[in-house]
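First up is the structure itself, then whatever we jot down about it.
Counting begins at 1 with the first residue of the sequence.
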Amino acid sequence: MPAPSSPQPRRPATQADVAREVGVSRTLVSFAFRNAPGVSEETRHAIFEAARRLGYRPNRIAADLARKRATTIGLHLLDLHNEVYADIFAGVREALEGSGVRVILSVGDVRGRGGTDPGDEVGSLLEARVGVVIAATLTGTDASVREAAAAVPIVSVARRIEGVDSVYSDDAAGARAATGHLLDLGHTRIVHLTGPHWEGHTERQRAYRERMHDAGLPPRVLAAPEFTFEAAQAAAARILDGPDRPTAVFAHNDQLALGVREAATDLGLRVPEDLSVVGYDDSRIARLAGIRLTSVDLDAHELGAAAGAAALARLADPSAPAVDRCSAPRLVVRTSTAPPPGSAREIERCRAVPHP
């Protein structure tokens, strides 16, 4: 008995199939899907209904090539575990709503090594022939990003790159505010927890160092091997369990700050009574009642919206000057920071707290 033959894959429906189904020309079907004039509403409805029955889906890449105009934007997000990228995505989507532009998403690997070639980071978007790439965040050098932008326009989010459309927040101002807040509380042993050294992502560290030098205090920078919660937890455990333990940690972002909190809890330290912690990004998790993390708000949603608007403008005018849009961050003080233990201000603070 012969073995049953395996089912053959169904051939994708084409515009020609839709045209035969409706009894019109393939050109008219093409006009309908491009929303071009010359197609009556009745015929357009019949074409769309036939396409639905046959399972036809327009090839946006082919259509863009035919009319020599891109209608697709690529969005590259470095890390889906970090909620700040969800806020950026929401802002981009809001800006593109109603534009008729489709978005293709790619996700990076925050655990990968820095300095990755942007062509490798957004390779899938380049293969999809997108008209513009919105990138949050690229880890390559400025020169490599400019080289990639020569092939397809790039809108850089949360990082300024000379000659490339850039929508970003003033990281130096945000870091100065965070460090200054801890200094004003009376802390002198303040550690800055950062991650791998990536060009274009060092302004927070530089501003922290300058603010500590201005206060006549030695800066202490601790670099985790990755920008992850787990890496921050392991790095923080080493300094919190050692001699000359800091009384405060300013972390590069909220993910790292939460890793610091976890390490402190594991060691029996209380936040903020024994250790003050400041994050950066003011992601949604920082605002939770059980977290209440002091953090620098860069308004990620607004950055995403501005990036979406810049991408649409770049599609409309490829030769326009590069966008350079900088916004001011805002320090949001919550309950993860307090005066250092044993200080006069801490004693006064404790006296002011009602006890049962």
Side-chain angles (χ1 to χ4, degrees), residues 70 72-80 82-99 101 103-108 110 118 121-122 125 130-175 177 198-204 207 227 252-254 280-284 295-330:
T72 304
I73 286 175
L75 175 59
H76 174 77
L77 303 177
L78 178 63
D79 180 20
L80 287 185
N82 189 335
E83 289 191 351
V84 72
Y85 292 105
D87 292 337
I88 290 173
F89 173 77
V92 170
R93 183 174 57 185
E94 180 181 288
L96 301 183
E97 188 174 358
S99 67
V101 171
V103 176
I104 298 178
L105 179 65
S106 80
V107 180
V110 73
E121 289 189 276
V122 299
L125 300 178
V130 298
V132 176
V133 171
I134 299 174
T137 306
L138 293 175
T139 68
T141 64
D142 287 1
S144 66
V145 175
R146 281 191 288 268
E147 183 178 352
V152 58
I154 291 175
V155 178
S156 175
V157 185
R159 171 184 175 184
R160 181 181 185 273
I161 301 174
E162 184 74 32
V164 173
D165 290 328
S166 301
V167 177
Y168 57 100
S169 177
D170 188 340
D171 276 358
W198 293 345
E199 185 176 338
H201 301 281
T202 59
E203 280 296 291
R204 298 174 194 178
F227 281 104
H252 179 87
N253 63 25
D254 289 348
Y280 206 110
D281 292 341
D282 198 35
S283 55
R284 282 172 289 183
S295 185
V296 178
D297 182 10
L298 47 65
D299 200 345
H301 184 279
E302 176 55 29
L303 285 182
L312 289 176
R314 181 58 57 201
L315 279 178
D317 187 359
S319 62
V323 170
D324 189 313
R325 185 182 187 277
C326 180
S327 58
R330 177 177 63 97

Quiz item: Can you name the salt bridge (Lys or Arg N to Asp or Glu O under 4.0 Å) partners of Arg284, sequence neighbours left out?
Solution: Glu83, Asp87
Quiz item: Atom CZ in Phe227, atom OG1 in Thr137: separation rounded to 0.5 Å?
Solution: 9.5 Å
Quiz item: Looking at Arg159 and Asp142, does any basic side-chain N land under 4.0 Å from a carboxylate oxygen?
Solution: yes
Exercise. Could you check if a side-chain atom of Leu105 sits within less than 4.5 angstrom of a side-chain atom of Leu75, using non-hydrogen atoms only?
Key: yes
Self-check item: Nearest heavy-atom neighbours spanning Val92 and Gly304
Solution: CG2-O, 3.3 Å
Quiz item: So do Asp281 and Leu298 actually touch side chain to side chain, heavy atoms under 4.5 Å?
Solution: yes
Quiz item: Is there side-chain contact between Leu77 and Phe89, with at least one heavy-atom pair below 4.5 Å?
Solution: yes
Quiz prompt | Asn82 side-chain N/O to Val84 backbone N/O, donor-acceptor pair under 3.5 Å | solution = yes
Exercise. Identify the heavy atoms of Ala310 and Val155 that sit nearest to each other, and give their distance.
Key: CB-CG1, 4.2 Å
Quiz item: Looking at OG of Ser169 and CG of Leu303, how far apart are the two atoms once the value is rounded to the nearest 0.5 Å?
Solution: 6.0 Å
Quiz prompt | For the student: nearest non-hydrogen atoms of Gly140 and Val145, plus distance | solution = O-CG2, 4.3 Å
Self-check item: Any residue meeting salt bridge (Lys or Arg N to Asp or Glu O under 4.0 Å) with Glu203, in chain and number order, not counting sequence neighbours
Solution: Arg206
Quiz item: In Å and rounded to the nearest 0.5 Å, what is the OG1 to CD1 distance from Thr72 to Ile104?
Solution: 5.5 Å
Quiz item: Would you say the side-chain atoms of Asp170 pair up with the backbone N or O of Ala328, donor to acceptor, closer than 3.5 Å?
Solution: no
Quiz item: So, His201 side chain and Leu138 main chain: donor-acceptor pair closer than 3.5 Å or not?
Solution: yes
Quiz prompt | Gap separating the CG atom of Asp282 from the CG atom of Asn253, nearest 0.5 angstrom | solution = 12.5 Å
Quiz item: Minimum heavy-atom separation for Leu312 to Ala95, with atom names?
Solution: CD1-O, 3.7 Å
Practice problem: Kindly give the heavy-atom pair with the smallest separation between Val164 and Ala149, and that separation in Å. | Solution: CG2-CB, 4.1 Å
Practice problem: May I ask you to decide if Tyr280's main-chain N or O and Asp254's side chain share a donor-acceptor pair within less than 3.5 Å? | Solution: yes
Quiz prompt | Exam field: side chain Arg314 to backbone Asp317, donor-acceptor pair closer than 3.5 Å | solution = yes
Self-check item: Counterpart residues, side-chain contact (heavy atoms from CB on, under 4.5 Å), relative to Glu162 (two or more places apart)
Solution: Arg146, Arg160
Quiz item: Which distance, rounded to the nearest 0.5 Å, do you find between the CD1 of Ile154 and the CD1 of Ile134?
Solution: 11.5 Å
Quiz item: If only atom types and distance count, is the side chain of Ser166 paired as donor or acceptor with the main-chain N or O of Ile161 below 3.5 Å?
Solution: yes
